[in-house]
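Below, each value reflects all heavy atoms present in this structure, side chains not excepted, and no hydrogens, waters or symmetry copies. On a predicted model such as this, the values are computed, not experimentally measured, just so you know. A note on names: the letters A, B, ... follow the listed sequences, proteins ahead of strands, and every chain is numbered from 1.
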Amino acid sequence: MWTYDKKLQYPVNIKNTNPALAKMIISQFGGPDGELGAAMRYLSQRYTMPYNEAIGILTDVGIEVLFCV
Amino acid sequence: MMNKSRENLMKKVQMYAFVAHECALYLDCHPQNAKALAKHAEAAKELKEAVAEYENMYGPLTANAAGGNGGWDWVAGKWPWQNYDEKEAKR
């Protein structure tokens with residue numbers, strides 16, 4: 001199960017915003033064929049893995065994506 | 001900008017959390033690496049202290065830690081993606 005830490009992973013200080021780039025990044029994250037979709041699949045597919053290492057990898061990679069949330 | 005001490009305490013938390021997490025990921029593929037194990041243990045310990053220090057002064061970092069003061073600190077105040085610019089906040 002999960003906990004949420006009310007903090008950013010590291011400090012962020014954007015001086016020059018770039019909406020076009022932001023649009024591209026957010027669509028890579030949450031859009032079609034996006035990382036978020038992949039993460040949900042990894043986190044769901046862990047349960048049928050035959051090896052603990054595979055469970056661990058799917059868990060860790062899935063979680064890593066959620067760091068972007 | 002958050003006041004200096006809050007910013008510094010938060011940076012400490014972020015720093016140790018990052019180190020601990022990176023070591024954990026490395027150990028996924030190199031579980032026997034003694035140096036990584038030691039570094040992880042050290043970072044985890046420092047992280048615990050840094051979190052306690054931050055929460056003591058500025059409120060809970062996790063929902064489970066909230067409610068100590070009988071208030072609504074968890075939901076109150078800025079969320080991480082909201083800028084802490086004090087001038088902005090006064091508008």
Side-chain angles (χ1 to χ4, degrees), chain A, chain B residues 1-32 40 43-44 47-48 50-55 57-68 72-85 88:
Chain A
M1 53 156 284
W2 324 105
T3 79
Y4 171 71
D5 286 359
K6 195 176 176 184
K7 68 178 194 21
L8 298 177
Q9 193 174 13
Y10 37 75
V12 170
N13 193 358
I14 299 177
K15 294 184 183 73
N16 304 307
T17 61
N18 184 338
L21 180 62
K23 199 173 167 185
M24 194 274 280
I25 291 173
I26 198 91
S27 102
Q28 289 289 301
F29 176 62
D33 295 324
E35 296 290 328
L36 200 51
M40 289 303 114
R41 285 192 293 281
Y42 301 156
L43 292 172
S44 307
Q45 288 166 10
R46 310 177 287 149
Y47 306 113
T48 56
M49 287 298 111
Y51 303 105
N52 284 343
E53 287 83 355
I55 297 175
I57 287 276
L58 289 176
T59 304
D60 283 359
V61 176
I63 289 175
E64 237 11 66
V65 175
L66 293 183
F67 272 43
C68 297
V69 172
Chain B
M1 193 74 81
M2 291 187 255
N3 80 63
K4 235 348 175 144
S5 109
R6 180 176 193 160
E7 195 182 332
N8 288 339
L9 286 182
M10 172 52 80
K11 263 201 191 140
K12 256 179 114 182
V13 172
Q14 290 169 324
M15 182 176 76
Y16 289 123
F18 183 78
V19 174
H21 185 68
E22 289 292 304
C23 287
L25 291 176
Y26 182 80
L27 287 162
D28 280 350
C29 298
H30 309 82
Q32 312 298 338
H40 179 271
L47 173 63
K48 222 170 171 184
V51 167
E53 215 182 332
Y54 180 92
E55 288 187 327
M57 292 213 60
Y58 300 108
L61 280 170
T62 65
N64 293 340
W72 299 98
D73 339 14
W74 171 245
V75 92
K78 294 284 195 170
W79 284 75
W81 58 88
Q82 294 168 333
N83 290 321
Y84 276 85
D85 194 295
E88 273 276 302

**Request:** Rounded to the nearest 0.5 Å, what's the gap from NE2 on B/H21 to CZ on A/F67? Could you check?
**Result:** 3.5 Å
**Asked** Heavy-atom count around A/F29 CZ within 6.0 Å, excluding the residue itself: above 12?
**Response** yes
**Asked** Does CG belonging to A/L21 count more than 12 external heavy atoms closer than 6.0 Å?
**Response** yes
**Asked** How about A/K6 and B/P80: do any of their side-chain heavy atoms sit closer than 4.5 Å?
**Response** yes
**A/E64 CD to B/L25 CG distance, which is reported to the nearest 0.5 Å** = 5.0 Å
**A/N18, CG: over 12 other non-hydrogen atoms inside 6.0 angstrom** = yes
**Asked** Which of parallel (below 30°), tilted (30 to 60°) and perpendicular (above 60°) describes B/W74 and A/Y4?
**Response** perpendicular
**Prompt:** Quick one: NZ on A/K7 to CD on B/Q14, what's the gap to the nearest 0.5 Å?
**Reply:** 6.0 Å
**Asked** Could you state the interatomic distance from OG1 (A/T3) to CG (B/N64), rounded to the nearest 0.5 Å?
**Response** 7.5 Å
